[in-house]
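Just so you know, these numbers use all the heavy atoms, side chains as well, and skip hydrogens, waters and symmetry mates. Since we're looking at a predicted model, the values are computed, not measured.
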Amino acid sequence: SEGVWEATYPVTATDNGTADFLITFADEAGNVGDNVSGPLEDTSQITIDNDDPILTRVIISSDNDNTTLAKAGDNITLTFDASEALIVPQVDVGGILTPATQTPGNDSQWEVVVEVTDAFMSMDNVSISIPVEDFAGNRISNVDSTDNGSFVFVDRDAPSILNVSLVSSNPNGAFARAGDNLTLNFTTSESIQDPLQSMSIQGLGSIALNSTNNGTLWTAVGQVLNNSSGSPALSLTVLDQAGNRRSPYLDQFSHITLDTSPPTLTELSFVSSNKPDNSSQYAKAQDILNLSFQFQEPVQRPLVSIAGD
């Protein structure tokens with residue numbers, strides 16, 4: 001009969017590939033028309049796709065000096081490869097939804113770049129969730145892990161300096177003279193980078209620095225220099241492994257006095273009781289010799305010898 005004809009084909013789960021067609025026909029008189037096969041140039045190609053898309057590579061990294069760490073302002077990059085063309089995935093990185101973009105020249109490779117902000121949970125690994133759906137509507141469960149074990153740990157917190165103490169090797173711990181050692185001990189709230197270049201203790205020469213407990217327990221030892229005076233004031237700046245900087249820690253340590261100058265006499269009197277006015281330059285038995293003196297600073301009990309005794 002005349003009119004519009006329609007042919008339908010229910011796609012089965014085993015079908016895959018190009019959906020071609022072929023039309024053979026003849027009129028009522030038996031005249032055979034030319035076969036028509038397609039798709040034609042003016043019709044769209046239909047692809048039958050029953051295969052689930054898969055991600056063949058999932059990697060996450062940071063532009064921090066340590067690519068497994070990220071601080072505020074750093075960028076986190078998630079890249080993944082797909083086995084076929086995908087609908088643009090809206091990827092969750094650390095709770096931030098961002099559309100993935102295709103790598104120029106590679107339709108199967110995708111990338112998501114997210115800047116670390118206050119919205120990211122600190123002191124935790126970055127979570128990911130990648131929806132995977134092809135253009136035929138085949139989808140798999142969201143991918144929430146990398147395939148190579150890569151990770152990024154977000155650290156937005158500046159390290160704290162705790163339990164700071166300074167002791168002198170001088171027998172009188174309230175003082176330190178030239179050549180004495182001062183020992184600084186402190187702890188940090190997390191592992192930090194070597195702080196030696198940002199540490200200064202007034203009056204000391206070179207400082208030997210050691211750490212234990214994964215870079216959270218620190219000991220610094222330095223020797224008092226000649227001509228040092230005052231108190232051994234400390235200035236210390238620390239950075240954690242992600243690069244978060246703590247404002248300088250300052251302490252005067254006024255409980256220790258740097259004293260590298262020998263004491264000197266400021267007054268001296270040596271008299272005899274041989275005359276009532278103590279003016280005699282002589283002394284006999286039963287006379288008293290009286291030596292009095294004063295220093296410019298407090299001293300330990302001095303040893304005094306008079307007339308050889």
Side-chain angles (χ1 to χ4, degrees), residues 55 57-81 89-101 103 109-130 142-166 184-201 206-222 234-251:
L55 299 187
R57 185 180 68 102
V58 182
I59 298 175
I60 192 170
S61 64
S62 164
D63 64 359
N64 190 285
D65 290 341
N66 184 333
T67 58
T68 66
L69 298 174
K71 64 181 185 301
D74 288 342
N75 287 323
I76 295 173
T77 300
L78 176 67
T79 58
F80 53 94
D81 293 348
Q90 296 291 322
V91 180
D92 185 322
V93 178
I96 307 299
L97 277 178
T98 305
T101 57
T103 301
Q109 188 173 83
W110 295 82
E111 179 180 83
V112 178
V113 180
V114 180
E115 181 180 354
V116 177
T117 65
D118 291 346
F120 277 77
M121 181 177 294
S122 188
M123 308 309 288
D124 197 7
N125 287 337
V126 176
S127 62
I128 63 171
S129 181
I130 309 171
N142 286 12
V143 174
D144 59 7
S145 62
T146 61
D147 68 329
N148 66 341
S150 59
F151 66 93
V152 172
F153 184 83
V154 172
D155 180 359
R156 298 187 292 103
D157 303 336
S160 297
I161 300 173
L162 310 165
N163 306 316
V164 182
S165 66
L166 186 71
L184 173 72
N185 289 291
F186 64 94
T187 62
T188 53
S189 57
E190 59 179 301
S191 176
I192 62 171
Q193 301 178 37
D194 188 331
L196 185 59
Q197 298 304 314
S198 59
M199 172 190 295
S200 66
I201 304 177
S206 60
I207 297 174
L209 185 64
N210 293 288
S211 69
T212 56
N213 198 33
N214 193 32
T216 60
L217 299 178
W218 294 84
T219 299
V221 180
L234 168 70
S235 176
L236 173 62
T237 301
V238 296
L239 285 80
D240 63 20
Q241 300 299 336
N244 295 298
R245 181 185 301 272
R246 169 62 62 182
S247 299
Y249 177 92
L250 305 174
D251 197 322

(message) Once side chain to side chain contact (heavy atoms under 4.5 Å, CB included) is applied, do any residues pair with Asn142, and if so which ones, sequence neighbours excluded?
(response) Ser129, Pro131
(request) For residues 116-126, pull every pair meeting salt bridge (charged side-chain N to carboxylate O under 4.0 Å, His left out), keeping only residues two or more places apart or in separate chains. (result) Asp118-Arg156
(request) Check salt bridge (charged side-chain N to carboxylate O under 4.0 Å, His left out) between Arg246 and all other residues, then give those that pass, not counting sequence neighbours. (result) none
(request) Supply the atom-to-atom distance Leu78 CG to Thr98 OG1, rounded to the nearest 0.5 angstrom. (result) 10.0 Å
(message) Side chains of Met121 and Val154, heavy atoms from C-beta outward: is any pair under 4.5 Å?
(response) no
(message) Quick check for you: to the nearest 0.5 Å, what is the distance between Met199 atom CE and Asp194 atom CG?
(response) 8.5 Å
(request) Under the side-chain hydrogen bond (donor to acceptor under 3.5 Å, both in side chains) rule, collect the residues that match up with Asn66, sequence neighbours excluded. (result) Thr68
(request) With rounding to the nearest 0.5 Å, note down the distance linking CG in Leu162 to OH in Tyr249. (result) 9.0 Å
(request) Output all residues satisfying side-chain hydrogen bond (donor to acceptor under 3.5 Å, both in side chains) with Ser122, sequence neighbours left out; order by chain, then residue number. (result) Asp157
(message) I want to check something: taking the side chain as every heavy atom from C-beta on, are Val112 and Val114 in contact at a cut-off of under 4.5 Å?
(response) yes
(message) To the closest 0.5 Å, what do you measure between CG (Asp240) and CD (Glu190)?
(response) 4.0 Å
(request) Write down the atom of Phe186, the atom of Pro195, and the distance for their closest heavy-atom approach. (result) CZ-CG, 4.4 Å
(message) Could you go through Gln241 and Ser191, starting from their C-alpha distance and side-chain angles, then the distance that decides it, and tell me whether this counts as side chain to side chain donor-acceptor pair (under 3.5 Å)?
(response) CA-CA 7 Å; Gln241 300 299 336; Ser191 176; 3.1 Å; yes
(request) List the atom of Leu239, the atom of Pro159, and the distance in Å for their closest heavy-atom pair. (result) C-CG, 4.2 Å
(request) Can you see which heavy atom on Met123 is nearest to which on Asp155, and at what distance? (result) SD-OD1, 3.2 Å
(request) Apply side chain to side chain contact (heavy atoms under 4.5 Å, CB included) to Asp65 and list each qualifying residue two or more places apart in sequence or on a separate chain. (result) none
(message) List the residues meeting side chain to side chain contact (heavy atoms under 4.5 Å, CB included) with Asp63, not counting sequence neighbours, and say none if there are none.
(response) Asp74, Asn75
(request) Mind checking the CG-OG spacing from Asn185 to Ser165? Nearest 0.5 Å is all I need. (result) 4.5 Å
(request) State, to 0.1 Å, how close Asn64 and Leu69 come at their nearest heavy-atom pair, and which atoms those are. (result) CB-O, 3.1 Å
(message) Quick check: closest heavy atoms across Ile60 and Ser150, and the distance to 0.1 Å?
(response) N-OG, 3.1 Å
(message) Please find the pair of heavy atoms, one from Ala100 and one from Phe80, that lie closest to each other, and give the distance.
(response) CB-CZ, 4.0 Å
(message) Test of understanding: with side chain to side chain contact (heavy atoms under 4.5 Å, CB included), list the residues that count as partners of Arg57, not counting sequence neighbours.
(response) Ile59, Thr79, Asp81, Gln109, Asp147
(request) May I ask you to test the Val152-Val116 pair for a side-chain heavy-atom distance under 4.5 Å? (result) no
(message) Once rounded to the nearest 0.5 Å, what's the spacing between atom CG of Asn244 and atom CD of Gln193?
(response) 10.0 Å
(message) Taking the side chain as everything from C-beta on, heavy atoms only, tell me whether Leu184 gets closer than 4.5 Å to Ile201.
(response) yes
(request) Could I get the full list of side-chain hydrogen bond (donor to acceptor under 3.5 Å, both in side chains) partners for Thr187, not counting sequence neighbours? (result) Asn163
(request) For Thr117, check side-chain hydrogen bond (donor to acceptor under 3.5 Å, both in side chains) against everything at least two apart and list the hits. (result) none
Which atom pairs, one a donor and one an acceptor, fall under 3.5 Å between side chains of residues 209-216 and the rest of the protein, sequence neighbours left out?
{"residue": "Asn213", "atom": "ND2", "partner": "Thr216", "partner atom": "OG1", "Å": "3.0"}
{"residue": "Thr216", "atom": "OG1", "partner": "Asn213", "partner atom": "O", "Å": "2.7"}

